Amino acid sequence: MEEKQVRFETEVIHSGYSPDKHQDSLVPPLYQSSTFTFSSAEQGERRFAGTEAGYVYSRLGNPTVTILESRIAALEKGEAGLAFSSGMAAVSAVLLALTKTGDHILVSKGIYGCTFGLLQLLRTKYKINHDFSEMKSKEELEKQILPNTACIYIETPINPTMKLIDLELVVQAAKQKGIPVVVDNTFCSPYLQTPLTHGCDIVIHSATKYICGHGDVIAGLVVGGKEFIADVSKTTQKDIGGTISPFDAWLLLRGVKTLAVRMDRHSENAAKLFEYLQGHPKISAVYYPGDHQHPDYAIMRRQMKQAGGLISFCIEGTRETAQDFMNRLKLIKLAVSLGDAETLIQHPATMTHAVVPKQEREKMGISDTLLRLSVGLEAWEDIRDDLDQALSE
Ligand code: LCS
């Protein structure tokens with residue numbers, strides 16, 4: 001199966017796993033073991049030295065985790081993958097691997113709140129500076145790439161404003177200077193967007209979201225070149241220790257099998273709910289990359305397969321109006337996170353992006369009346385009816 005090139009919908013189910021290597025078990029076994037035994041002291045020595053293949057200790061590698069890592073590498077069209085205990089463990093391991101004191105990171109203007117927090121920490125504790133960029137033109141990028149820029153870090157679509165970054169534009173500017181481009185692909189999943197095929201170097205996921213799909217795991221994934229992944233695996237992952245648990249890897253292997261089917265449904269539901277929200281008099285703005293009027297619609301068509309399952313919108317009124325509206329919802333759950341079967345709504349200004357100072361938040365386009373809807377897999381009419389009853393009061 002691994003030899004033959006198969007389609008994405010097949011890869012999510014089979015990639016990285018051969019039953020004949022695991023007692024013919026149809027489903028990848030859960031190797032719930034913290035450590036592995038050696039047949040002799042010499043074998044232990046060889047495994048530690050890396051002269052003999054084999055597992056040693058689950059912080060350094062585990063067979064269930066290896067299957068997941070091979071699968072995500074195949075889905076993202078990369079050479080190798082690495083799994084982490086959270087999306088933030090993945091983000092921090094990558095940024096720490098790519099930078100040193102005195103370096104600079106160029107970041108898309110608008111990122112997840114905890115990534116923003118991590119960048120503050122890198123600046124204050126380790127003197128690793130950063131700047132935010134709209135990344136709208138080559139000239140802007142060329143001006144903002146400094147002699148000490150160690151990497152470019154992008155989210156697209158951006159959490160939660162749903163603005164997009166043109167990956168190929170950034171890659172063109174970065175390649176001239178030999179700077180790696182890192183993309184947080186959480187909002188798309190590899191079904192909708194594969195940044196490595198556009199020339200980017202490293203992809204990160206909060207696997208907690210669409211890759212898991214069932215809201216029962218916190219995990220992160222990284223895909224990149226073999227050398228880079230081996231380096232992260234032996235340094236910032238091994239020694240800082242944000243390793244995934246085998247059980248969480250097993251749950252992700254189960255969840256990811258339905259990724260293509262789920263993403264189609266999330267995207268279809270979101271497209272219908274966008275139409276509804278767009279036409280509602282109490283909604284002052286809707287941010288959804290599938291909107292033909294969205295300023296980045298052309299970018300969406302170029303680099304995404306579909307527009308995805310997230311919609312942000314502003315409600316007429318104040319922060320209290322937004323909160324009252326949330327409190328009236330019945331089916332839609334008030335929760336952060338995204339990509340689950342359940343439709344979730346959250347208020348970025350007081351939740352996911354509360355750590356970003358108000359002035360910075362506003363520069364990113366996060367007002368107090370902005371809400372983010374992660375459209376689930378329910379019948380779209382039921383989601384619409386819930387929005388409708390909460391908006392009609
Ligand atoms: N990157 C993005 C784009 C995210 O949205 C998140 C989490 C992370 C990284 C971190 O992943 P984690 O460590 O949580 O697995 N985003 C969240 C959100 O929007 N609501 O709750 C968490």
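No experiment lies behind these values; they were computed from the predicted model shown. Each ligand, and each atom within it, is numbered from 1 in the order the structure gives.
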* Do side-chain atoms of H266 reach the backbone of V375 as a donor and acceptor pair under 3.5 angstrom? -> yes
* Ignoring hydrogens and angles, state whether a donor on the side chain of H347 or T350 is under 3.5 Å from an acceptor on the partner side chain. => yes
* Just jot down the ligand 1 atoms closer than 4.0 angstrom to any heavy atom of T186, in number order. => 1 (N), 2 (C), 3 (C)
* Asked: Does even one non-hydrogen atom of A219 get within less than 4.0 Å of ligand 1?
  -> yes
* Asked: For ligand 1, which atoms have a heavy atom of T352 less than 4.0 angstrom away?
  -> 18 (C), 19 (O), 20 (N), 21 (O)
* SB check D201 K175 (cutoff 4.0 Å) -> yes
* Numbered atoms of ligand 1 (with element) below 4.0 Å of K209, judged on heavy atoms -> 4 (C), 5 (O), 6 (C), 7 (C), 11 (O), 14 (O), 16 (N), 17 (C), 22 (C)
* **Backbone of V286 reached by a side-chain donor or acceptor of Q278 within 3.5 Å** => no
* Asked: Less than 3.5 Å between some nitrogen or oxygen of V336 and one of ligand 1, yes or no?
  -> no
* To do: Using a strict cut-off of less than 4.0 Å between a Lys/Arg side-chain nitrogen and an Asp/Glu carboxylate oxygen, indicate whether K136 and D296 qualify as a salt bridge.
  => yes
* **Main-chain N/O of C314 paired to T369 side chain as donor or acceptor, under 3.5 Å** => no
* To do: Check ligand 1 against S337 and write out every atom of the ligand that is under 4.0 Å from a heavy-atom position of the residue.
  => 18 (C), 20 (N), 21 (O)
* Is the shortest distance from a Lys or Arg side-chain nitrogen in K358 or E362 to a carboxylate oxygen in the other one below 4.0 Å? -> yes
* **ligand 1 atoms in contact with D184 (distance to a heavy atom under 4.0 Å)** => 1 (N), 2 (C), 3 (C), 9 (C)
* Structural part of Q346 in contact with ligand 1, heavy atom criterion under 4.0 angstrom -> neither
* To do: Using only heavy-atom distances, determine whether the side chains of S58 and N62 contain a donor-acceptor pair under 3.5 Å.
  => yes
* Structure fact -> The protein heavy atom nearest to atom 5 (O) of ligand 1 is N159 ND2, 3.0 Å
* If you count the atoms of ligand 1 from 1 in the order shown, which ones are under 4.0 Å from a heavy atom of R372? -> 18 (C), 19 (O), 20 (N)
* Asked: Which of parallel (below 30°), tilted (30 to 60°) and perpendicular (above 60°) describes H130 and F116?
  -> perpendicular
* Asked: Of the listed options (F84, F187, Y112), which comes nearest to atom 17 (C) of ligand 1 when hydrogens are ignored and any heavy atom counts?
  -> Y112
* L338 heavy atoms, cut-off 4.0 Å: which ligand 1 atoms fall inside? -> 19 (O)
* To do: Enumerate the atoms of ligand 1 whose separation from the nearest heavy atom of M88 is less than 4.0 angstrom.
  => 10 (C), 11 (O), 12 (P), 13 (O)
* **Short N or O distance, T115 and ligand 1, threshold 3.5 Å exclusive** => no
* Which residue supplies the protein heavy atom nearest to atom 12 (P) of ligand 1, what is that atom called, and how far is it? -> G87 N, 3.4 Å
* **Protein contact to atom 15 (O) of ligand 1 [nearest heavy atom, distance to 0.1 Å]** => T208 OG1, 2.6 Å
* In plain terms, say whether E52 and R47 are close enough for a salt bridge, that is, a side-chain N and a carboxylate O under 4.0 Å apart. => yes
* With a 4.0 Å heavy-atom cut-off (strictly under), which part of E155 contacts ligand 1: side chain, backbone, both or neither? -> side chain
* Do T66 and Y55 meet the criterion of a side-chain donor-acceptor pair at a distance under 3.5 Å? -> yes
* Asked: Hey, does M351 sit under 4.0 Å from ligand 1 if you only count heavy atoms?
  -> no
